[in-house]
Amino acid sequence: MIKVSLISLGCAKNLVDSEIMVGHLHQAGMAVIPEADKADVVIVNTCSFIDSSKEESLSHILEVHQSRGMTKRRKEQKLIVAGCMAQRFSKDLSTSLHDEVDAFIGLDQLTKVAPIIEEIYAKERGKQDAPVNFIVGKSTYIPDFNTPRFRLTPKHFAYIKIAEGCNHPCTFCIIPQIRGRHRSRTVESVVAEARQLVKEGVKELNLISQDTTFFGMDTWEQRPNPRTPVDSSRGTALTTLLRELNAIEGDFWIRLLYTHPAHWSDELIKTIAECPKVARYIDIPLQHISDAMLERMQRETSGDYIRDLIKRIRAGIPGIAVRTTFIVGFPGETDADVAELCQFIEETKFERLGVFRYSQEEGTRGAKMPDQIPAKVKEARWHKLMALQQKIAAEVSKSHVGQTLKVLVEEPGVARGEADAPDIDGRVYVPRELPVSEFVEVKITGYQDYDLLALPKGQKPAEFKVAKQAQ
Ligand code: F3S
C-alpha cells in the first residue's frame with residue numbers, strides 16, 4: 001500500500017484542497033500518514049500569497065528533499081508540489097527545483113492526485129528528466145458536495161468552500177491569477193454539504209471563498225458591476241444561501257469569512273440580522289480608508305462608502321463583531337494617509353483587526369508602481385497600528401466582563417465565542433472540565449488583551465482559579 005504524507009500550508013481555502021486530496025487518496029486505497037520520513041510520497045500543498053509564504057513553502061520542499069536518502073525507503077521517496085505556488089510558478093520551479101521535485105500539480109488536479117501518484121511510480125525518472133508538470137492552463141475547478149473529502153479540522157468546525165476564484169482587480173494581490181475567475185457552487189450543493197456536516201456533529205460552518213459576498217453573482221444574466229450589492233431578486237445570492245443554511249435543523253453557527261465591502265447591501269444586513277444561526281461576526285477586509293490608497297489598490301470602494309457601510313452594518317445587526325485587515329506601506333502611501341487610517345481605527349474601534357505590511361509581489365500591478373515604501377517605514381507604520389489596536393482590543397475585551405456568552409469549547413480549558421473565528425481571533429479561557437466540541441454558556445470574569453476569562457454560569461470564581469492553575 002502506498003503511504004502518502006501531506007504538508008498543508010497557507011489559508012483555509014488551501015486546507016480544503018488538502019482535505020479533497022486526502023479524501024481521494026483514501027478512496028484509492030492509499031494510506032495517509034503524518035510522518036514524512038515513513039512515507040513513499042510527500043505532497044507539499046504550497047502558498048504563494050506573499051514573499052514570506054513562498055519562502056515557507058520552499059523551505060518545506062527543501063527540508064523534505066534533504067531528508068531523502070536518510071533511509072532506504074526515503075531514497076525512493078517521491079516529492080510532489082501542489083497548491084498555489086505550483087499553480088503560479090511551476091514552469092520556473094521545474095528548472096530551479098529540477099532535482100528536488102518529482103511532479104507539480106495544480107488546483108485542477110486535486111481529484112486526480114491518486115492516478116498521478118500511480119503514474120509517477122510507474123515511470124522511472126532519469127537524471128536528466130524534468131519534473132512532470134501536470135498543470136495545464138488557468139484553474140476552473142470547483143468542488144461539489146459529493147467530492148470525496150477527509151476533514152482535517154477538529155470535529156466541531158468545518159470550512160465550506162462556497163466558491164472559487166476571484167474577479168476583483170486589487171493591485172496588490174496575486175490570488176486571482178492563481179485561482180482563476182470567480183465560480184460559485186449551487187445553493188443546493190452547499191446546503192447538501194452543510195446538512196451532512198451538521199449531521200456529523202459539526203457545530204460551526206465557516207463559509208469561505210475569495211469573496212463570499214460575490215456568491216452567485218457570476219451566474220446572473222447581467223454581469224454585475226464592481227459595486228453591485230448582494231441582491232437576491234437578480235438571481236442566486238449569498239442571502240439566498242444564508243437563509244437556506246439557517247433553516248437546517250440543529251444548534252450550530254454559520255460564520256461568514258472573506259466578504260468584500262463593495263458587495264454588501266441592506267438586504268444582506270437584514271438577512272444576517274434575521275438568521276440567528278449566522279454568527280454575529282463579519283470578516284470584511286477593508287485594506288485602507290484613504291481615497292488615494294483605495295484608488296491605487298483598486299478596491300472599488302471609497303472612504304465615505306466604507307464609513308457609511310460600517311455604520312449600517314452595526315446599526316442593522318446589533319451585537320455584531322467586525323473583523324477587518326489593513327495593509328500599510330502600499331506604494332505612494334503618505335504619512336497623511338496613515339494618520340487618516342489611525343483616526344478611522346480609533347473612531348471605529350473594530351472588535352478584531354489585523355495589519356499586513358505591503359509585500360511587492362511579482363506579477364501584480366502594485367509591484368510595478370512608483371513610490372515603493374522602504375521596509376523600515378512599513379515596519380514603523382505596522383507597529384503604530386498594532387499598538388493602537390492593542391489598546392482598543394483591551395477596551396473591547398473589558399466591555400465583555402460580566403456578560404454571559406455562548407462559547408464553543410475547542411480543547412480542554414480553551415473556548416471561542418461568536419466573535420472569534422478559528423485560528424484567527426482571540427480565545428476564551430474556561431475551566432478544563434468543560435466538554436470539548438460542545439457549546440457552553442459562560443460568564444465573562446476577566447480579560448487579558450485579546451483573550452477573555454470565563455466561568456460556566458453559576459460557578460464561583462474560587463473554583464475557576466483552581467481549574468486555571470491546573471492548566
Ligand atoms: Fe491561500 Fe496562499 Fe493560495 S493565502 S489562496 S494558499 S496563495
Side-chain angles (χ1 to χ4, degrees), residues 6-22 43-61 80-93 104-110 113 135 138-143 149 152-153 158-185 206-215 255 257-260 283-285 287 297 323-327 354-367 421-425:
L6 191 147
I7 300 167
S8 191
L9 305 168
C11 65
K13 287 153 272 186
N14 228 30
L15 183 71
V16 171
D17 294 347
S18 293
E19 294 178 340
I20 292 172
M21 283 195 272
V22 175
I43 302 173
V44 184
N45 196 14
T46 56
C47 171
S48 154
F49 185 42
I50 51 176
D51 276 349
S52 57
S53 0
K54 278 182 256 171
E55 279 158 23
E56 190 192 5
S57 297
L58 278 175
S59 86
H60 277 279
I61 294 166
I80 298 177
V81 175
C84 288
M85 196 169 79
Q87 183 75 34
R88 174 92 180 106
F89 295 111
S90 60
K91 283 200 185 106
D92 303 336
L93 293 174
F104 291 99
I105 60 173
L107 306 169
D108 288 6
Q109 285 78 43
L110 299 176
V113 61
I135 303 164
K138 294 209 162 156
S139 168
T140 54
Y141 172 68
I142 179 77
R149 174 180 167 199
L152 298 169
T153 47
Y159 292 105
I160 304 186
K161 202 191 272 195
I162 62 171
E164 181 58 279
C166 181
N167 293 358
H168 288 288
C170 305
T171 50
F172 53 80
C173 187
I174 195 72
I175 291 179
Q177 293 182 52
I178 298 172
R179 295 214 164 229
R181 301 283 296 166
H182 184 106
R183 57 261 184 207
S184 302
R185 289 170 60 181
N206 290 277
L207 307 188
I208 56 168
S209 75
Q210 253 56 244
D211 171 7
T212 42
T213 32
F214 203 76
F215 176 80
R255 189 181 296 280
L257 296 170
Y258 307 107
T259 70
H260 192 294
D283 169 38
I284 180 169
Q287 315 303 15
M297 290 177 172
R323 152 164 275 277
T324 193
T325 47
F326 291 114
I327 297 174
V355 185
F356 290 104
R357 304 158 187 88
Y358 169 70
S359 169
Q360 194 176 359
E361 286 311 307
E362 190 190 330
T364 61
R365 276 166 300 151
D423 298 330
I424 307 175
D425 297 310

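All values derive from a computational prediction rather than experimental measurement. Counting convention: from 1, in listed order, for ligands and their atoms alike.
Each of Q87, M85, K138, Q210 was compared with I178 under the side chain to side chain contact (heavy atoms under 4.5 Å, CB included) criterion, and only Q87 meets it.
H260 and H168 have parallel rings, their planes meeting at less than 30° on a 0 to 90° scale where 60° marks the start of perpendicular.
When atom types are taken as modelled, the side chain of T324 and the backbone of I284 share a donor-acceptor pair closer than 3.5 angstrom. Checking side-chain atoms of D283 against main-chain N and O of Y258 turns up a donor-acceptor pair under 3.5 Å. At distances below 3.5 Å, at least one donor-acceptor pair connects side-chain atoms of Q360 with backbone N or O atoms of A367.
Taking 2.8 Å as the limit, the number of protein N, O or S atoms around atom 3 (Fe) of ligand 1 is 1.
A donor atom on one side chain and an acceptor atom on the other are not found under 3.5 Å apart for S57 and T46.
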